[in-house]
2 protein chains.
Amino acid sequence: MFSRSCEYAIKALIYVAQNTKDGKRVSIKEIAKGTDAPEHFVAKILQELSKKKMVMSIKGPNGGFYLEEGGKHVSLERIVKEIDGDGMFTNCVLGLKVCSEKTPCPVHLEYKEVKKNLIRMLENNTISDFNDKLDSGKFFLKNE
Amino acid sequence: MFSRSCEYAIKALIYVAQNTKDGKRVSIKEIAKGTDAPEHFVAKILQELSKKKMVMSIKGPNGGFYLEEGGKHVSLERIVKEIDGDGMFTNCVLGLKVCSEKTPCPVHLEYKEVKKNLIRMLENNTISDFNDKLDSGKFFLKNE
DNA sequence: AAATAAAAAGATATTAAGGTCTTTTTTTTC
DNA sequence: GAAAAAAAAGACCTTAATATCTTTTTATTT
């Protein structure tokens, strides 16, 4: 569904949100460990997100990553679009260059509904939502 | 959503279905041209599908590909599973090794619904359905 | 000011997907 | 039986995604 990079991005943002509630910051090393992601790879991804202000970063000792107030309300949709682009939102499911309401491919109508659901899910779920879920103890970010 | 290979596979099967109604056969060359796919690449994919009897093939002059009677009723789901595997059907959307009803990741519940829709679409749409749609003149496989 | 800790940036390596080219096998037709 | 047409098989190439390693920049602490 999403690229590996995108999975890392989502997990990293969730991790940052979870672990900087008290105004602390977390380092790439921590994030990588906490999300089972390769350190330098996730560093690249955080750089990107940081350029787009989806996460804040401070260099130097005691530096690290944290979220701005609004940062927790970033939706899955924004993360996915940032990392994987909007192909999933706009492209024909068969990869056809020409596929629209006027000239639909044979899968178009059926896929439209699925896509609508998918997009709604991506738009309506934010880092903050996931935060709450994890806090409730009923949801997990486990990898083994 | 699907891999390039999978897109080619779906389009190829549709093309074969559309063009062998009168007991004819179509060659890889024709299929590749007709679906804007690279010839040798689509050949590989058809070989795979052929091994799984999802399409029939005959060598030699006047040979080519065609579908068995039941062949038209193959669903998108079978094609996707054959080419891309069942990752889309079974994997956690965040790529977590541990994610289930008992230990759900924070996206699990929301994604479950989307996935249910997606799978239903894949199961309920067959080559034959697409065939009918294309025949109706209201659907297209256009690439420019 | 020096040492240190952290992210940023850049260079390089690895893997998997996508794609091409060549040879082999099978079948048909003449 | 020779020539030709087609798929099958295999070798190889290219590109993009993934991953790692090294250097640089920035900020902090002592």
Side-chain angles (χ1 to χ4, degrees), chain A residues 1-13 15-16 19-20 24-67 80 82-85 87-88 94-95, chain B residues 1-13 15-16 19-20 24-67 80 82-85 87-88 94-95:
Chain A
M1 176 71 49
F2 308 137
S3 71
R4 195 75 62 89
S5 301
C6 193
E7 293 173 2
Y8 291 153
I10 298 168
K11 287 191 281 187
L13 289 186
Y15 185 90
V16 173
N19 295 88
T20 58
K24 268 192 302 194
R25 295 153 193 165
V26 285
S27 71
I28 287 177
K29 204 168 290 193
E30 275 181 86
I31 298 172
K33 237 176 227 164
T35 60
D36 295 283
E39 184 178 328
H40 295 278
F41 192 43
V42 88
K44 285 284 153 65
I45 295 165
L46 283 168
Q47 250 177 65
E48 257 189 89
L49 295 175
S50 161
K51 277 178 192 158
K52 296 294 163 69
K53 306 287 182 197
M54 292 169 67
V55 68
M56 298 295 124
S57 79
I58 293 186
K59 284 184 175 181
N62 204 29
F65 292 87
Y66 65 99
L67 295 182
V80 172
E82 190 54 44
I83 304 295
D84 286 348
M88 166 175 307
L94 294 186
Chain B
M1 176 70 51
F2 307 136
S3 70
R4 196 72 64 89
S5 300
C6 193
E7 293 172 4
Y8 290 153
I10 298 168
K11 286 191 281 187
L13 289 186
Y15 184 90
V16 173
N19 294 88
T20 57
K24 267 190 302 192
R25 296 154 193 164
V26 285
S27 71
I28 288 176
K29 204 168 288 193
E30 274 181 87
I31 299 171
K33 237 176 225 162
T35 60
D36 294 284
E39 184 179 328
H40 295 276
F41 193 43
V42 88
K44 284 285 154 63
I45 296 165
L46 283 168
Q47 249 177 66
E48 256 190 90
L49 296 175
S50 161
K51 276 178 193 158
K52 297 295 163 71
K53 306 288 183 195
M54 293 169 67
V55 69
M56 298 295 124
S57 79
I58 292 186
K59 284 182 173 183
N62 203 31
F65 293 86
Y66 67 99
L67 295 182
V80 172
E82 190 53 46
I83 303 295
D84 286 348
M88 166 175 303
L94 292 185

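Each chain gets a letter, A, B and so on, in the order the sequences are listed, and its residues count up from 1.
At the phosphate of dA6(D), neither OP1 nor OP2 sits under 4.0 Å from any side-chain N or O atom of S57(B). Contact between the side-chain N/O atoms of Q47(B) and the OP1/OP2 oxygens of dA9(D) is found at a separation under 4.0 Å. Considering only side-chain N and O atoms, S5(A) lies under 4.0 angstrom from the phosphate OP1 or OP2 of dT18(D). Residue S50(A) has a polar side-chain atom (N or O) positioned under 4.0 Å from OP1 or OP2 of dA8(C). Within the structure, a side-chain polar atom (N or O) of Y8(B) is placed less than 4.0 Å from OP1 or OP2 of dG19(C).
Rounded to the nearest 0.5 Å, atoms CG (D36(A)) and OH (Y15(A)) are 10.5 Å apart.
At least one side-chain heavy atom of M1(A) sits less than 4.5 Å from a side-chain heavy atom of M88(A). In this structure, the side chains of K24(A) and N19(A) stay at 4.5 Å or more apart for every pair of heavy atoms.
Between the C1' atom of dA7(C) and the CD1 atom of I45(A) lies a distance of 15 Å, rounded to the nearest Å. The CZ atom of F65(B) sits 14 Å away from the C1' atom of dT27(C) (whole-angstrom rounding). As rounded to whole Å, 18 Å separates atom C1' of dT27(C) from atom CE of M56(B). R4(A) places its CZ atom 7 Å from the C1' atom of dT18(D), with the value rounded to the nearest Å. Protein atom CD1 of I83(A) is 13 Å distant from nucleotide atom C1' of dA17(D), rounded to whole Å. Rounded to a whole Å, the NZ atom of K29(B) is 12 Å from the C1' atom of dA7(D). Residue E48(B) contributes atom CD, which lies 17 Å from atom P of dA7(D) at whole-angstrom precision. The distance from atom CG of L49(B) to atom P of dA8(D) is 11 Å, rounded to the nearest whole Å.
Without hydrogens or angle criteria, R25(B) side chain to S57(B) main chain gives no donor-acceptor distance under 3.5 Å. Checked by atom type and distance alone, the side chain of D84(A) never pairs as donor or acceptor with a backbone atom of F2(A) at under 3.5 Å. Side chain of E48(B) to main chain of I45(B): no donor-acceptor pair is present (N/O by atom type, distance under 3.5 Å, no hydrogens or angles).
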Original post:
Taking it one step at a time, do F65(B) and T20(B) satisfy side chain to side chain contact (heavy atoms under 4.5 Å, CB included)?
Top reply: CA-CA 8 Å; F65(B) 293 86; T20(B) 57; over 6 Å; no

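Heavy atoms of V55(B) sit nowhere under 4.0 angstrom from any nucleic acid atom.
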Original post:
Quick one: what's the B/S/- string for nucleotides 20-30 of chain D, heavy-atom cutoff under 4.0 Å, read 5' to 3'?
Top reply: BBB--BBBB--

